[in-house]
Amino acid sequence: MTFPVPARPYPFPFAPGRTALVVIDMQRDFIEKGGFGDSLGNDVTRLEAIIPTTAKLIDLFRRKKWPVVHTREAHLPDLSDCPPSKISRGDAPLKIGEKGAMGRLLVRGEPGNQIVDPLKPIAGETVIDKPGKGMFWNTDIQSILDNKGVTHLVFAGVTTEVCVQTSMREANDRGYECLLIEDATESYFPEFKRMAIEMIVAQGGIVGWATPFAELEAAVT
Ligand code: C5J
């Protein structure tokens, strides 16, 4: 059974009981000063603006007892899961694995690698440490979703055109129906966010659907 959620490019077929929320990389490394995003020269304050809407979205899934998955972009302390090309790319003053204001950048267990307090996972929710931009590469997410009978994914998180879009494209290729919540995702570059959403919904939803949180909330309550 599905019911329609108003969305672009046409209503999203929401499947209660078979839909998981995926919150991508809402970790301090990307959202707070002194983290990885900051070290790359980005204005990180743009990203914290979506925390309240993302919190409402998570709360909606919790109230409905639908699955919530959190991801973190995170590497093993010895960086054995991080390609050298990913470390050397760019001219940032601090590289992945080096010590910043919140510990080693993008390394599991470090303070900067934790999800921001207002969106902290609770018991029973899945937390995936992903070494890539996409959530399927080198993770257990596929079997976790299969075990829960999930066929539909609602996406939130950062950044829209990097880890969110990559994960959504990976999910789309694996047969999941994917809906992006437009005001629960953000980019350091407003134009990239806008264009990423346009790319997702173009050509009849070639990657998936997009809608504001209020449309989903109204449709499911
Ligand atoms: C980036 C991400 N932008 N979570 N990671 O490097 O989008």
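We count ligands from 1, going down the list as the structure has it; atoms in each ligand are counted the same way. When reading the values below, keep in mind they use all heavy atoms of this one structure, side chains included, and skip hydrogens, waters and symmetry mates.
Proximity of Val164 to ligand 1, defined as any heavy-atom pair under 4.0 Å, is not found for any part of the residue. Residue-level proximity to ligand 1 for Thr159 is carried by backbone and side chain together, each with a heavy atom below 4.0 angstrom.
Closest to atom 5 (N) of ligand 1 among all protein heavy atoms lies Glu73 OE1, 2.9 Å. The single protein non-hydrogen atom nearest to atom 4 (N) of ligand 1 is Asp25 OD2, 2.7 Å, given as residue, atom name and distance. When hydrogens are left out, the protein atom nearest atom 2 (C) of ligand 1 is Cys163 SG, 2.8 Å; that is the closest non-hydrogen contact.
Ring orientation note: the planes of Phe192 and Phe189 are tilted relative to one another, at an angle of 30° to 60°. Trp66 and Phe14 have tilted rings, their planes meeting at an angle from 30° to 60° on a 0 to 90° scale.
At a 3.5 angstrom cut-off on N or O pairs, Val162 does not count as close to ligand 1. Residue-to-ligand polar distances place Val158 within reach of ligand 1: an N/O pair is separated by less than 3.5 Å.
Under the 4.5 Å side-chain criterion, counting only non-hydrogen atoms from C-beta, Arg174 is in contact with Phe136.
Residue Glu182 is tested with Val201, Thr53, Thr160, Ile197 for a side-chain contact (heavy atoms from CB on, under 4.5 Å); the sole match is Ile197.
If you check the side chains of Lys120 and His70, you find no donor sitting under 3.5 Å from an acceptor.
The Lys133 neighbourhood of ligand 1 comprises atoms 1 (C), 5 (N), 6 (O), with distances under 4.0 Å to a heavy atom of that residue. The ligand atoms of ligand 1 that sit less than 4.0 angstrom from a heavy atom of Phe30 are 1 (C), 2 (C), 4 (N), 5 (N), 6 (O).
Under 4.0 Å is where a charged nitrogen must lie from a carboxylate oxygen, and between Asp129 and Arg72 at least one such pair does. By the 4.0 Å N-to-carboxylate-O rule, Arg169 lies too far from Asp173 to be salt-bridged with it.
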